[in-house]
> 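Could you have a look at this structure, given as structure tokens, before my questions?
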Amino acid sequence: MSEISCALQAVLARIASAATACGRDPATVQLLAVSKTKPLAAVTAALAAGQQQFGENYVQEGVDKIVTLTASAVLPQPVWHFIGPLQSNKTRPVAEHFDWVHSIERLKIAERLSQQRPAHLPPLQVCVQVNVSQEASKSGCALEEAAALCHAVAALPNLQLRGLMAIPAPVEAENANAADAAATLALQRAPFARLRELYEQLRRDGLALDTLSMGMSDDLEAAIMEGATLVRVGTAIFGARNYA
Ligand SMILES: *Cc1c(COP(=O)(O)O)cnc(C)c1O
């Protein structure tokens with residue numbers, strides 16, 4: 001087995017044991033492999049090992065990978081998720097090439113994606129990104145503004161609102177003394193619980209949501225305990241990223 005294939009199996013095992021430990025069916029948690037900064041060969045290795053959904057953060061890098069793989073004979077083709085910050089002047093290539101966008105944080109971006117989604121493609125599947133760590137520096141819309149944004153996004157014609165996404169502040173940064181694993185887990189769960197409560201509220205309000213996109217390499221267990229339906233994992237599958 002390739003290194004990526006082994007790492008992928010290990011992540012799937014973590015997901016399965018976290019789900020089982022809290023009484024969930026592991027099949028209710030999907031794995032999104034985050035391939036940002038990694039070469040296309042890493043994507044094709046994971047694809048060959050059975051991984052089907054991939055996440056990218058940078059528009060040009062993601063579109064380049066999608067175009068190259070689409071032109072190749074590789075089957076099945078991955079499902080591509082855009083998960084990075086999105087500026088309004090970059091929405092068109094995302095609307096034209098990706099299947100999903102997780103990082104909707106303002107209505108203007110959603111409106112442009114809806115306008116620019118080509119008519120021959122299915123609706124773009126989207127999540128609203130929410131700032132659950134209450135830090136000015138973090139991306140995502142404010143918790144108090146999320147419900148109104150979700151209702152407005154759900155009304156756009158060429159988007160299908162699937163759920164919510166969050167990237168909580170890393171727990172180590174908040175509490176350097178969280179040596180005790182149980183304490184760390186409790187700290188990690190708190191922001192995920194806020195996102196889950198909002199998700200449940202929106203479903204009670206009548207929005208047909210099925211996706212809670214939360215949890216990464218270091219906190220996927222906490223996210224699964226709080227109901228994540230999709231975890232976004234990069235480092236644990238592909239190794240550390242080099243931004244140099
Ligand atoms: C990079 C990234 C991830 C993956 O993070 P890892 O810690 O490498 O697993 C997940 N979600 C988003 C939005 C990211 O930007």
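Whatever order the structure lists them in is the order used to number ligands and atoms, beginning at 1. Note that the structure is a prediction, hence the values are computed from the model and not measured.
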> Which residue pairs satisfy the ring-ring contact (aromatic ring centres under 6.0 Å, His included) criterion with at least one member in residues 30-75, sequence neighbours excluded?
F54-W80

> Is there a path of hydrophobic side-chain contacts, each under 4.5 Å between heavy atoms, that joins Y199 and V130?
yes

> To the closest 0.5 Å, what do you measure between CD (Q160) and OG (S114)?
12.0 Å

> Yes or no on side-chain contact (heavy atoms from CB on, under 4.5 Å) for V11 and V231, after CA distance, side-chain angles and deciding distance?
CA-CA 10 Å; V11 170; V231 293; 5.8 Å; no

> Would you give the length of the straight line joining atom CE of M214 to atom CG of L195, rounded to the nearest 0.5 angstrom?
6.0 Å

> Quick check for students: name every N or O atom pair between ligand 1 and the protein closer than 3.5 Å, with distances.
from, atom 1, to, atom 2, distance (Å)
ligand 1, 8 (O), T235, N, 2.8
ligand 1, 8 (O), T235, OG1, 2.6
ligand 1, 8 (O), R241, NH1, 2.8
ligand 1, 8 (O), R241, NH2, 3.1
ligand 1, 9 (O), S217, N, 3.0
ligand 1, 9 (O), S217, OG, 2.5
ligand 1, 9 (O), G234, N, 2.8
ligand 1, 11 (N), R232, NE, 2.9
ligand 1, 15 (O), K36, NZ, 2.7
ligand 1, 15 (O), N57, ND2, 2.7

> As an exercise, state the distance from CE of M165 to CD of E105, rounded to the nearest 0.5 Å.
9.0 Å

